[in-house]
J.: 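First the structure, which I've put down as C-alpha cells, then a few questions once you've had a look.
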Amino acid sequence: LASALEADGRIEEAVAAMQATLEGRRITYGQHHRGTLLSEAKLGMLLRSQGRLGEAESHLEAASTQLSEVLGPEHPTSISSLA
C-alpha cells in the first residue's frame with residue numbers, strides 16, 4: 001500500500017502506511033527480521049522525500065546498522081542500504 005501511495009504522490013499517506021507496516025512487522029517478526037529492517041529503511045526514504053531529514057536519518061541508520069549485523073556487512077542488501 002505504501003508503495004502505491006508513494007507512486008500516486010501521496011507521500012504523507014505513504015509514510016503513515018509504512019509506519020503501520022513497520023510496527024506490524026516488529027510485532028510479528030521482531031526487530032531484527034530482514035523484512036522489518038527493509039520496512040524501516042523504506043520509511044526512512046519516504047521521510048527523506050518529505051524533507052524530514054532528522055527522522056529519516058534515524059531510520060536509515062538503524063536499518064543499515066542492523067542489516068549489517070543480521071546479514072553480514074558483505075551481503076548485497078547490507079551494502080545497498082548504505083547508498
J.: Identify the heavy atoms of Ser39 and Arg25 that sit nearest to each other, and give their distance.
T.: OG-NH1, 3.0 Å
J.: For Leu1, what are the other residues in its hydrophobic cluster, where any two members join if their side-chain heavy atoms are less than 4.5 angstrom apart?
T.: Leu5
J.: Can any side-chain N or O of Arg26 pair as donor or acceptor with the backbone N or O of Gln31 at less than 3.5 Å?
T.: no
J.: Going by side chain to side chain donor-acceptor pair (under 3.5 Å), name the pairs with one or both residues in residues 11-21, residues two or more places apart or in two chains.
T.: Arg10-Glu13
J.: Identify the two heavy atoms, one from Gly72 and one from Ser78, that lie closest to each other, and give their separation to 0.1 Å.
T.: O-OG, 2.8 Å
J.: Could you pull out all residues at least two apart from Thr36 that satisfy side chain to side chain donor-acceptor pair (under 3.5 Å)?
T.: none
J.: Quick check on the hydrophobic clustering: are Leu60 and Leu46 connected, directly or via other members, by side-chain heavy-atom contacts under 4.5 Å?
T.: no
J.: Please collect all salt bridge (Lys or Arg N to Asp or Glu O under 4.0 Å) contacts where either partner lies in residues 70-83, sequence neighbours excluded, each pair once.
T.: none
J.: Give me each pair satisfying side chain to side chain donor-acceptor pair (under 3.5 Å) with a member in residues 54-63, each pair once, sequence neighbours excluded.
T.: Glu40-His59, Arg52-Glu55
J.: Using a 4.5 Å cut-off between side-chain heavy atoms of Ile, Leu, Val, Met, Phe, Trp and Tyr, which other residues end up in the same hydrophobic cluster as Ile27?
T.: none
J.: What's the verdict on side-chain contact (heavy atoms from CB on, under 4.5 Å) for Met18 and Ser3, showing C-alpha distance, side-chain angles and the deciding distance?
T.: CA-CA 9 Å; Met18 187 50 65; Ser3 294; 5.6 Å; no
J.: Going by side-chain heavy atoms closer than 4.5 Å, which hydrophobic residues are tied to Leu37, directly or by a chain of links?
T.: Leu38, Leu67, Val70, Leu71
J.: Run the side chain to side chain donor-acceptor pair (under 3.5 Å) test against Ser68 and tell me which residues pass, sequence neighbours left out.
T.: none
J.: Just to verify, what does His33 make a ring-ring contact (aromatic ring centres under 6.0 Å, His included) with, not counting sequence neighbours?
T.: Tyr29
